[in-house]
Amino acid sequence: MTLLKVTGLNKRFGGVVAAKDVAFALEAGDMLAIIGPNGAGKSTTFNMVGGQLRPDSGQVLLAGQPISGLAPREVWRRGIGRTFQIAQTFVSMSVAENVQMALISWHDQIMSVGARAETRYRPEALDLLDLVGMRADADRPVRELAYGDVKRVELAIALASAPKLLLMDEPTAGMAPKERAQLMDITATIARQRKIGVLFTEHDMDAVFAHADRILVLVRGEIIADGKPDEVRSNARVKQVYLGDMGVAAAMRARRGRV
């Protein structure tokens with residue numbers, strides 16, 4: 001099932017073309033990585049899908065419904081969750097309270113929180129924390145957690161709205177190699193079990209080639225490759241302008257890890 005369909009997205013900032021005729025599709029349950037050198041248009045494309053930027057032209061369809069140009073909150077209501085390069089959490093609250101606040105917001109109860117907010121949606125929050133391996137830390141303040149665990153909490157927060165599509169901006173940034181692999185393994189498992197499409201940007205080629213079902217390569221706002229990891233790894237132009245020997249080595253490590 002085609003969950004996300006992007007056609008002809010264009011975006012300029014003055015004389016700079018940040019996205020030119022960008023088009024791709026994402027199936028439910030699949031993970032699509034957007035990669036490319038700095039200034040390639042990854043963030044621009046990502047933010048046009050998420051509602052942070054309005055495209056100059058083109059269309060974004062989520063489950064067949066147009067969402068181009070909608071505000072981020074409305075996009076969220078339509079079924080898009082998001083994590084950020086720098087994790088967005090309430091560090092003074094407990095792990096469970098962070099997820100409960102997301103659930104309270106999703107159910108439009110922010111204005112009626114009152115003094116008993118700590119009891120609202122706690123079972124649901126614990127279930128989400130169980131999904132990401134953080135239930136045992138439910139009552140710990142987020143400020144006490146290692147950064148890799150904070151990123152897991154942020155993933156649980158993003159799942160609180162039961163999204164159809166999950167946008168992950170540099171999900172492994174700032175994490176140790178073992179933490180990166182664990183977070184991406186968890187994300188891939190949840191995506192397939194719940195049929196959530198995952199669109200992510202990432203500079204860690206190990207994470208990309210080990211977990212993406214498809215890879216989209218952008219250079220100067222244009223798509224130069226779109227295919228399965230093996231196809232992208234062997235693409236001569238991709239190797240020339242972006243991956244080079246280091247990227248090919250990462251692809252080979254990822255491939256060996258799957259066997």
Side-chain angles (χ1 to χ4, degrees), residues 2-13 16 18-19 22-26 28 31-34 40-91 93 97-113 121 125 128 132 142 150-174 187 190-191 194-202 216 218 221:
T2 299
L3 173 66
L4 177 70
K5 186 175 182 180
V6 172
T7 56
L9 283 191
N10 292 281
K11 186 67 180 179
R12 277 181 174 269
F13 297 100
V16 177
V22 172
F24 60 89
L26 174 61
M31 296 181 66
L32 173 61
I34 302 180
K42 303 184 300 295
S43 295
T44 298
T45 299
F46 198 76
N47 288 329
M48 284 192 287
V49 173
Q52 285 78 23
L53 285 175
R54 182 184 294 270
D56 295 334
S57 60
Q59 192 172 45
V60 180
L61 298 175
L62 180 67
Q65 299 299 311
I67 61 169
S68 311
L70 295 179
R73 181 171 178 81
E74 185 58 31
V75 168
W76 175 62
R77 282 283 170 200
R78 298 291 180 94
I80 297 183
R82 180 164 184 174
T83 67
F84 296 84
Q85 183 174 349
I86 300 173
Q88 304 294 300
T89 58
F90 297 106
V91 296
M93 291 184 176
E97 287 169 344
N98 268 266
V99 183
Q100 286 173 261
M101 287 301 296
L103 288 163
I104 288 168
S105 178
W106 176 246
H107 290 282
D108 273 336
Q109 295 182 1
I110 287 293
M111 300 306 293
S112 60
V113 167
Y121 302 109
L128 290 170
V132 301
V142 169
V150 174
K151 296 288 271 189
R152 292 195 195 199
V153 175
E154 188 190 35
L155 176 57
I157 291 169
L159 294 170
S161 60
K164 303 182 188 81
L165 173 67
L166 182 61
L167 304 179
M168 302 183 78
D169 185 8
E170 297 284 349
T172 70
T187 302
I190 293 171
R194 299 195 166 201
K195 296 297 182 184
I196 299 171
V198 179
L199 179 66
F200 69 104
T201 63
E202 185 56 70
L216 188 76
L218 286 174

Side-chain ([X]) to main-chain ([Y]) donor-acceptor, under 3.5 angstrom:
X    : Y    : value
K164 : K195 : no
Q88  : I86  : yes
Q59  : P66  : no
D169 : L167 : no
T201 : I34  : no
E154 : F84  : yes
N98  : I157 : no

Just how far is it from atom [atom1] of [X] to atom [atom2] of [Y], taken to the nearest 0.5 Å?
X    : Y    : atom1 : atom2 : result
M48  : K11  : CE    : NZ    : 7.5 Å
I80  : L62  : CD1   : CG    : 5.0 Å
L32  : L26  : CG    : CG    : 5.5 Å
L9   : S57  : CG    : OG    : 7.5 Å
L166 : I190 : CG    : CD1   : 9.0 Å
L103 : Q100 : CG    : CD    : 7.5 Å

Anything under 30° is parallel, anything over 60° is perpendicular, the rest tilted; go ahead and classify W106 against W76.
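Geometry flag for W76 against W106: perpendicular rings.
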
Does the side chain of F24 come within less than 4.5 Å of T45's, by heavy atoms?
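Answer yes - side chains close enough.
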
Taking everything shown except F13 itself, do over 12 heavy atoms lie less than 6.0 Å from its CZ?
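Counting other residues, nucleotides and ligands, CZ of F13 exceeds 12 neighbours.
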
Taking atom CZ as the centre, does R54 end up with more than 12 heavy-atom neighbours from other residues, nucleotides or ligands that are less than 6.0 angstrom away?
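No - once you tally the heavy atoms of other residues, nucleotides and ligands closer than 6.0 Å, there are 12 at most.
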
Test F46 against every option in R82, E170, Q52 by the side chain to side chain contact (heavy atoms under 4.5 Å, CB included) rule and name the one that passes.
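The side chain to side chain contact (heavy atoms under 4.5 Å, CB included) with F46 is passed solely by R82 among R82, E170, Q52.
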
